[in-house]
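Throughout, a chain's letter reflects where its sequence line sits, starting with A, and its residues are numbered from 1.
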Amino acid sequence: MPFDPKSHVSELLTAALSSVAPEHASTAILLERPKQASHGDFASNLALQLAKTLRANPREIAQRLVRELAVSPWVDKAEVAGAGFINFYLAAAAKSQVVAEILSLGDEYGKGRLGNGKKLQVEFVSANPTGPLHVGHGRGAAYGASLATLLAWAGYAVSREYYVNDAGRQMDILGLSTWLRYLALFGEQVPFPANAYQGDYVIDMARQIRAAHADRYLHPAAAVLACVPPPEPDPEAHLDGLIKAAKDLLGEDWAYIHQHALTEQMADCRADLEDFGVHFDMWFSERSLFDTGMVAKAMERLEHNGHIYLQNGAKWFRSTSFGDEKDRVVQRDNGLYTYFASDIAYHLNKFERGFDQLVDIWGADHHGYIQRVRGALQALGCDDSRLNVVLVQFVSLWHGSEKVSMSTRGGQYVTLRELRGEVGNDACRFFYMLRKADQALDFDLDLAKSQSNDNPVYYVQYAHARVCSVLASPQGAAFLAQRTADVAMPASVDLASLSGEREMALCARLAAFPEVVEAAARDYAPHAIAFYLRELAAEFHSYYNAERILVDDLAQRTARLALAAALRQVLRNGFTILGVSAPESM
RNA sequence: GUGCCCGUAGCUCAACUGGAUAGAGCACCAGCCUUCUAAGCUGGGGGUUACAGGUUCGAUUCCUGUCGGGCAUGCCA
């Protein structure tokens, strides 16, 4: 176990506490890193917390605690400040030793045991495969991927999953849209419904089908429209009529059109996400829930537990028993299950797969949905506290001060692919991560496309490139070669000459990384990593401008190169969590 | 109407289970490159944390109310 100054200080304080107030010896010791350097390296508010129960002045309690502190070579001094804080000032050696630890742990530095190997699933994106992913999906993808990696770093056994909505009406509409475009290629003009999928990718799929199978799926427009109600007054009924006509006329061939559209869109979606650096361990098919009888099984179980009733020909789940504002239909009067029904089965399936913890990442428009899913899980006898739902707020696109309106059906939206092409993956991933998930994000395309240095990702990557440049110098290369030769004793670097104010600040920042990772994982807040990296980069840029790393004195140069190498390592580890690349030159 | 989220510097956002003088970036002003990458650094002005109460040693944080913004409130998915 490497020496950990924080635990050391914590132990010192615990010992003092058991001497001053034995009856409170079990009080948890919380040490925070003060915002101001003048407040020391660690601060404890222990005395303030005890003041009430001990009915004593917090400053006096703090004084007694400080008097009882054992002398330690790692602590220069401890003093009482403010209302009753105890500030600890570490010795330089206690602060600089983190450099050796980082160099020793390398890619592992920052990983923790919070998750304790528990099985955790993160389900995210899960967009309907009815068209290209847009910038809103991109946010969910970036958030989910970073969160999943973050949780893996925190010690969870993480599984990343995409729920494919390959059953249901939206897919039927996509199949229909494709078929209508296909008919149009042959001059069969069925007026294209306003509520069908308008995008050009639908026409592309129609062309592919024509190229592969010529006129096999051709039917006259008159036959298609024969029994279809007009688009007015009910456009949805019109659409359903067209779907029915397609299924009737095409028979077995309908499945081909439907499947072709699904396969194409999923392949496109998958490639898009892979290019974005977002990987999944499992693509879970909604249709498989029906094929394997999971939906029927889940419904039977709800019914058996007495949570289902019949009304107006439909089956209702009594979700009001679980705090929902109204009951919900799970099976319509036409016998078809609702999306809610398959989602219940899906979540039941997740529990049956033995995950200790589930994280669902949904768009903010789904928040009314949380209560009913939790209710269903409770009704099924599952412990719904294992499920955590994160709502990712919307992304609004702007051209300067003008808002871009987005509509999936209308085909008027900016795709993730377009955005990536304009600003690059790194800027995309980092930009998405600069806001908390529950905060609406305004994405200014003009700014993002301007290639200016306004985007903070450059600032952080630049720090990495600068360090690499220094390490690529002859002296830097010699240092790295020496280290490679010394793998058996990675901690043998002499760090005694690290003592400057900026060096100590940099060390403190590096030492905080594992805590930042753990806190970010606990809060499902990967944005904290982005903010940390920015602060770390700022600390380094400041140091770099104030001090020279490649000085003549060998001991000092070696120590500073070690510090630089440690910084490079932590930047890389942070980039890994965020899915951002670490360029060696810019 | 009801429920959830949000309101912090001119703008975009932070603030570690409630902590010390509320912090960054952008924008604005003034400086720093014949020496390791100036996509950088140093300094400066900028705030009644929407408003009013409450809880306590202490509130941007927790509670109540008011005002303002977003989202939801389908036998769509």
Side-chain angles (χ1 to χ4, degrees), chain A residues 28 30 32-36 38-39 43 45 47-49 51-52 57-59 81-85 87 127-128 130 165 167-171 173 236 286 311-316 325-326 328-334 336-340 342-343 363-371 391 393-394 396 434-436 438-442 444 447 451-463 465-473 475-476 512 515-516 518-520 522-523 525 527-528 530-531 534-535 537-538 540-551 560-561 564 585-586:
Chain A
L30 291 174
E32 60 181 28
R33 296 177 183 272
K35 292 167 192 162
Q36 293 177 71
S38 64
H39 290 150
N45 63 353
L48 292 162
Q49 291 180 320
K52 196 170 192 176
N57 184 317
R59 279 193 70 100
F85 294 96
N87 293 336
N128 287 343
T130 52
N165 296 119
R169 184 163 178 265
Q170 296 304 323
M171 273 311 301
I173 295 172
E236 296 301 323
E286 179 188 7
Q311 186 180 305
N312 299 333
K315 282 187 180 175
W316 297 69
E325 57 190 24
K326 56 171 286 199
R328 310 289 173 175
V329 171
V330 289
Q331 190 173 17
R332 294 195 286 267
D333 52 9
N334 61 10
L336 293 175
Y337 287 111
T338 61
Y339 174 83
F340 182 39
S342 46
D343 230 11
D365 54 335
H366 283 66
H367 74 72
Y369 204 69
I370 299 173
Q371 197 58 49
L391 296 178
Q393 290 290 333
F394 285 120
S396 314
L434 282 173
R435 272 131 190 78
K436 289 185 291 192
D438 60 12
Q439 195 83 323
L441 171 62
D442 287 335
D444 187 333
L447 184 68
Q451 298 275 343
S452 73
N453 60 0
D454 293 339
N455 201 316
V457 69
Y458 292 118
Y459 182 82
V460 186
Q461 287 183 320
Y462 186 56
R466 267 184 153 176
V467 179
C468 288
S469 167
V470 174
L471 289 170
S473 67
Q475 301 97 316
E515 297 161 30
V516 170
E518 181 172 317
R522 197 176 47 234
D523 297 341
H527 77 280
F531 281 89
R534 211 161 59 170
E535 287 161 6
F540 172 71
H541 284 311
S542 176
Y543 174 60
Y544 185 90
N545 275 273
E547 305 284 351
R548 199 175 162 75
I549 294 171
L550 301 177
V551 292
R560 289 185 174 181
L561 281 167
S585 66
M586 290 175 73

Nearest-nucleotide pick for [X], side chain only, options being [options]:
X	options	value
Val329(A)	U12(B), A72(B), C75(B)	C75(B)
Arg332(A)	U37(B), U73(B), C76(B)	C76(B)
His39(A)	G40(B), U12(B), A20(B)	A20(B)
Tyr369(A)	A20(B), A77(B), C13(B)	A77(B)
His527(A)	A14(B), C41(B), C71(B)	A14(B)

So, is [X] near the phosphate of [N], with a side-chain N or O under 4.0 Å from OP1 or OP2?
X	N	value
Thr338(A)	A77(B)	no
Tyr459(A)	C41(B)	yes
Lys326(A)	G3(B)	no
Lys315(A)	C75(B)	no

Categorize [X] for me: base, sugar-phosphate, or nothing, with a 4.0 angstrom heavy-atom threshold over every strand shown.
X	value
Ser469(A)	base
Gln331(A)	nothing
Arg33(A)	base
Asn45(A)	base
Gln371(A)	nothing
Asp333(A)	base
Phe340(A)	nothing
Ala314(A)	base
Asp343(A)	nothing
Ala564(A)	nothing
Phe531(A)	sugar-phosphate
Glu547(A)	base

query = Using the purine O4'-C1'-N9-C4 or pyrimidine O4'-C1'-N1-C2 torsion, is C33(B) syn (within 90° of 0) or anti?
reply = syn
note = Heavy-atom nearest nucleotide on RNA chain B taken for Pro34(A) and for Ala465(A); more 5' hit belongs to Pro34(A)
query = Rounding to the closest angstrom, what is the interatomic distance between C28(B) and G10(B) at atom C1'?
reply =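 One C1' to the other, the span is 10 Å.
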query = How far, in whole Å, is U56(B) from C63(B) if one measures between their P atoms?
reply = 16 Å
message = Under a 3.5 Å threshold, yes or no: a donor from one side chain and an acceptor from the other, between Glu286(A) and Ser342(A)?
response =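 Their side chains do contain a donor-acceptor pair, which is all the 3.5 Å distance test asks for.
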ask   = Once Watson-Crick and G-U wobble pairs under 3.5 Å are found, how is RNA chain B written in dot-bracket notation, 5' to 3', with | for any base paired to another strand?
value = (((((((..((((.....[...)))).(((((.......))))).....(((((..]....))))))))))))....
key: Whole-Å gap separating P (G40(B)) and OH (Tyr458(A))   = 12 Å
